[in-house]
There are 2 protein chains.
Amino acid sequence: MSQSPWQPISPPKPPRPAKEPLTRDRIVDAAMRLIVEHGYDAVSMRKIAQELGTGPASLYAHVASKSELNQLLVDRAAAQMKLGGRPDPGRWQEQLKDYMREMLRVMRANPGVARAAIGQVPLGEQALLGNEKLLGILKAGNLPDQAAAWAADLIPLYVTAVAFEETVQNASAWTPEDVARFVGEMRAYFEGLPAERFPLTVALASALTAGTGHDERFEFALSVITAGLAAMAED
Amino acid sequence: MSQSPWQPISPPKPPRPAKEPLTRDRIVDAAMRLIVEHGYDAVSMRKIAQELGTGPASLYAHVASKSELNQLLVDRAAAQMKLGGRPDPGRWQEQLKDYMREMLRVMRANPGVARAAIGQVPLGEQALLGNEKLLGILKAGNLPDQAAAWAADLIPLYVTAVAFEETVQNASAWTPEDVARFVGEMRAYFEGLPAERFPLTVALASALTAGTGHDERFEFALSVITAGLAAMAED
DNA sequence: ACCTGAACACCGTTCAAGT
DNA sequence: ACCTGAACACCGTTCAAGT
């Protein structure tokens, strides 16, 4: 019954077992699929497990907690950032804006990741590579070390907050028409406020409700931040 | 048996019923107590109900949903903002910074509210009064209408994101020593990264981990935003 | 009109037991 | 070593039934 000793080759096995073993990567894959397709709230340990044909308890052999899973998701998304060319002192301001635009693009392409990212120190490899690139641009702009470091904190925080805000709004499955109607109602609401107490809100009602859903508001913020940082460059 | 017509005073009732009736205000009071004492995650419809000696279903007669409750909490906190004097073109930049500092102070005094506020259009009366004040300061700085309006979007979003980030960190019940240790470990981690791939992260390790827990990082952001806006003032 | 108990359809995490 | 079923201690919301 014992195996013959001169049989060095392991007996033929099915090349792939019917059920692939659980791995960290397969878990993150499944979570990424869920978060992109159905948003942050649709990602639960139970749903991920179901997607993988197992129970929630099985995941904990590979992932310590949901919070660790969030970190892994953030790093997966960070890997999608196209970081462009070398930092160039001659056009660092435009490079900085492009970096922020690219970061927002990736977060939009991965809805729910912003929610997972907010309030987390990014320590994953891909996130750190992005940060390194950002620091390069800021130093190309001649910012002092401390200013560059704090700017590298401010910038991702702001972009993440914008992306998160958008996903909260998109979560309600509104059509563009619904959004347009809501913006119209908001404008009418501002215009109808008592002008003695809310003079500027009434007067600026149309400016306050402009640029929603477009990128104008974001572009404005890019200009503010870039100009503010430029004022801090060493000469 | 019928009441005599010359009895104009209603029959003596117990001055207060043993159980006060549920009201929107009492619900928000209880939620505010919970959120300030135990953080956002401790606020559930069930816990609020328990606090009020009833069941969760009873709340829905006065509050449509948890999201509506969040809006009410945000407005409660907004009422605590001290809005200071009149907008003054001579010192609008300092007033703007004070506004942001005051907003952060209130959010810190009401942990969890930042989490409730993020991604919500503030339409409550108190929140709108704050916004009106902010617009006044921005217009005192001679910003064009559209710039003032978008700045009034950018500023609360940033301050809320900072406050939210802090509450996420504070949620883990870390002592100041724990935080100090974590910051030290992070710095060591940055310093130990491969210098070929992460030259700036390694070189700036101490700047990157400076100012945590203090207000220096926030003050830096105030300067950037204020300087950036000043560059957009009409002359 | 307001309140309630009970239920529905979910969560993240733990743990003893299996292979 | 890895996986599993079952349980623990929770969620937000709905609804028929009571007062």
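Below, chains carry the letters A, B, ... as their sequence lines are ordered, and counting in each starts from 1.
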DNA chain C nearest-nucleotide lookup for A:S65 and B:P56: closer to the 5′ end is B:P56

* Asked: Going by the angle between their ring planes, with limits at 30° and 60°, are A:F164 and B:F164 parallel, tilted or perpendicular?
  -> parallel

Taking C:dT4, C:dT14, C:dG12 as options, the one with an atom nearest any side-chain atom of B:S58 is C:dT4

- Query: Does a side-chain N-to-carboxylate-O contact under 4.0 Å join B:E165 and B:R217?
  - Reply: yes

Atom CG of B:D41 and atom P of C:dC11 are separated, to the nearest Å, by 16 Å

Atom CD of B:Q50 and atom P of C:dC3 are separated, to the nearest Å, by 18 Å

Side-chain atoms of B:Y60 come closest, of D:dT14, D:dC3, C:dC8, to D:dT14

inquiry  = Salt bridge or not between A:E51 and A:R33? Use side-chain N to carboxylate O under 4.0 Å.
reply    = yes

From CD of B:E68 across to P of D:dG12 the rounded distance in Å is 15 Å

Rounded to whole Å, CZ of A:R24 lies from P of D:dC2 at a distance of 13 Å

Rounded to whole Å, the CG-P distance (B:L22 to C:dA1) equals 17 Å

By the 4.0 Å heavy-atom rule, please label A:S44 as base, sugar-phosphate, or nothing. sugar-phosphate

To the nearest angstrom, the NZ-C1' distance between A:K47 and C:dT13 comes to 17 Å

Tell me whether the OP1 or OP2 atom of D:dA1 has a side-chain N or O from A:H62 closer than 4.0 Å.
no

Do any side-chain nitrogens or oxygens of A:K66 fall under 4.0 Å of OP1 or OP2 in C:dC11? no

Here the distance between atom P of C:dC11 and atom CE of A:M45, to the nearest Å, is 12 Å

Output field dot_bracket for DNA chain D (Watson-Crick or G-U, both distances under 3.5 Å, | for other-strand pairs) contains ||.|||||...|||||.||

Q) Any idea how A:F220 and B:W150 line up, ring-wise: parallel (<30°), tilted (30 to 60°), or perpendicular (>60°)? A) tilted

